[in-house]
Amino acid sequence: MWSDPWAVVAEADRVQWRYIPLESVGPLHFGMSLKEAVATMEGLGFTSEPVRVGGRFGPHGQSAVEFRTADRPAYQVDVVAYEVDTLGLTCITVDARSGPQVTLDGIRLIGQTPSKLDDELRGHLDTLGLDVVITPEGDVGSGALGILPRAQRAGDVLLTRAVFGRPNDWAYTMFDCIPAEEWDVR
């Protein structure tokens, strides 16, 4: 039987992760290799697709691996980790419908209505004295915290997914470290 492609995992059923800005998204750490990421995620019950090579950023090659919990259908991806050559993981994305719930200082980042997350994140950034970044789609994010939420369709509603990145020697801003495919409408 074909499962509902728009189904959203209940909050209580989501794996719970914490985001430490510019350091880690749950068990995935910026700078770790894809091989280390696969071993870590498999140890937590996630399955992975073979590593795919995604092209080049200037002189650097890029690869990615997709993760999902073992009970998810093959078309459902919970987390994607991107690696650039010897820099290790530089970008991590979490799906709105089925990905782990990722929190930042108590703010739930995944599976929220975009307007609610915008308000909470804007207030948090104001409290920290950090600049607000507005994405091309109008969502609130933060280069200083390495997070750009994106809206993702879930049937007839939009929910938040998140793109986490860490600028480095080859990517000077959050926008530079996000692979082109992550800007696609979902």
Side-chain angles (χ1 to χ4, degrees), residues 1-57 60-104 107-112 117 146-155 157-166 168 177-186:
M1 172 154 205
W2 187 260
S3 63
D4 179 3
W6 299 114
V8 176
V9 174
E11 184 69 23
D13 295 333
R14 290 181 187 261
V15 174
Q16 301 295 307
W17 285 0
R18 182 173 156 222
Y19 177 54
I20 301 173
L22 308 174
E23 189 176 316
S24 64
V25 181
L28 299 174
H29 293 264
F30 292 108
M32 75 188 316
S33 71
L34 282 183
K35 184 176 179 180
E36 292 169 318
V38 167
T40 297
M41 294 292 279
E42 286 179 353
L44 296 171
F46 286 81
T47 61
S48 63
E49 291 300 314
V51 173
R52 58 184 162 87
V53 177
R56 301 195 69 73
F57 280 108
H60 302 286
Q62 179 192 39
S63 302
V65 64
E66 299 175 341
F67 299 100
R68 72 176 138 290
T69 55
D71 61 340
R72 301 264 191 276
Y75 61 82
Q76 183 62 60
V77 176
D78 298 338
V79 177
V80 181
Y82 295 91
E83 175 187 63
V84 172
D85 282 346
T86 59
L87 298 174
L89 296 189
T90 57
C91 183
I92 300 163
T93 64
V94 179
D95 186 78
R97 294 188 305 263
S98 64
Q101 180 53 264
V102 182
T103 58
L104 168 67
I107 300 170
R108 295 183 345 211
L109 303 172
I110 308 301
Q112 305 303 304
L117 180 57
I147 178 173
L148 293 177
R150 307 277 328 278
Q152 178 180 336
R153 184 176 172 198
V157 299
L158 293 176
L159 298 174
T160 56
R161 65 190 303 271
V163 179
F164 302 93
R166 183 175 72 179
N168 50 52
C177 66
I178 298 173
E181 69 190 66
E182 286 302 328
W183 294 110
D184 294 344
V185 174
R186 298 187 187 265

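Scope of the values below: all heavy atoms of this structure, side chains included, with no hydrogens, waters or symmetry mates. Residue indices begin at 1 and follow the sequence shown.
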Task: Inter-residue atom distance R166.CZ - L89.CG, 0.5 Å rounding - done: 9.0 Å
Open item on the list: Please find the pair of heavy atoms, one from V163 and one from C91, that lie closest to each other, and give the distance.
Closed with: CG1-SG, 3.7 Å
Open item on the list: With a 3.5 Å distance limit and no angle check, can you tell me whether R108 reaches the backbone of I110 through a side-chain donor-acceptor pair?
Closed with: no
Open item on the list: Within this structure, what is the OG1-CE distance for the pair T40 and M32, rounded to the nearest 0.5 Å?
Closed with: 3.5 Å
Task: Under 3.5 Å: donor-acceptor pair, side chain of S98, backbone of V9 - done: no
Open item on the list: For D95 and V77: C-alpha separation, side-chain torsions, deciding distance, then whether side chain to side chain contact (heavy atoms under 4.5 Å, CB included) applies.
Closed with: CA-CA 7 Å; D95 186 78; V77 176; over 6 Å; no
Open item on the list: Going by the rule side-chain contact (heavy atoms from CB on, under 4.5 Å), which residues pair with A96 if we only count those two or more places apart in sequence or in a different chain?
Closed with: Q152, L159, R161
Task: Between CZ on residue F30 and CD1 on residue I92, distance to nearest 0.5 Å - done: 4.0 Å
TODO: Check side-chain hydrogen bond (donor to acceptor under 3.5 Å, both in side chains) between S33 and all other residues, then give those that pass, not counting sequence neighbours.
DONE: E36
Task: Qualifying side chain to side chain donor-acceptor pair (under 3.5 Å) pairs, either residue in residues 6-19, two or more places apart - done: E11-Q101
Open item on the list: Let me confirm one number: the CG-OH distance from L34 to Y82, rounded to the nearest 0.5 Å.
Closed with: 11.0 Å
- [ ] Any pair with a residue in residues 67-77 that passes salt bridge (charged side-chain N to carboxylate O under 4.0 Å, His left out), sequence neighbours left out, goes on the list, sorted by first then second residue, please.
- [x] E49-R68, R72-D78
Open item on the list: Restricting to non-hydrogen atoms, name the atom on T103 and the atom on L109 that form the minimum distance, rounded to 0.1 Å.
Closed with: C-CD1, 4.5 Å
Task: Residue pair V80 / A64: nearest heavy atoms and the distance that separates them - done: CG1-CB, 4.3 Å
Task: Working for side chain to side chain contact (heavy atoms under 4.5 Å, CB included), residues L28 and F164 - done: CA-CA 11 Å; L28 299 174; F164 302 93; over 6 Å; no
TODO: Answer whether the closest heavy-atom distance between the side chains of F46 and P27 falls below 4.5 Å.
DONE: no
TODO: Decide yes or no on side chain to side chain contact (heavy atoms under 4.5 Å, CB included) for F67 and V38, but give the supporting numbers first.
DONE: CA-CA 8 Å; F67 299 100; V38 167; 4.1 Å; yes
Open item on the list: Nearest 0.5 Å, please: how far is CD1 in I147 from CG in L117?
Closed with: 6.5 Å
Open item on the list: What's the separation between atom OG1 in T47 and atom CD in E66, rounded to the nearest 0.5 Å?
Closed with: 10.5 Å
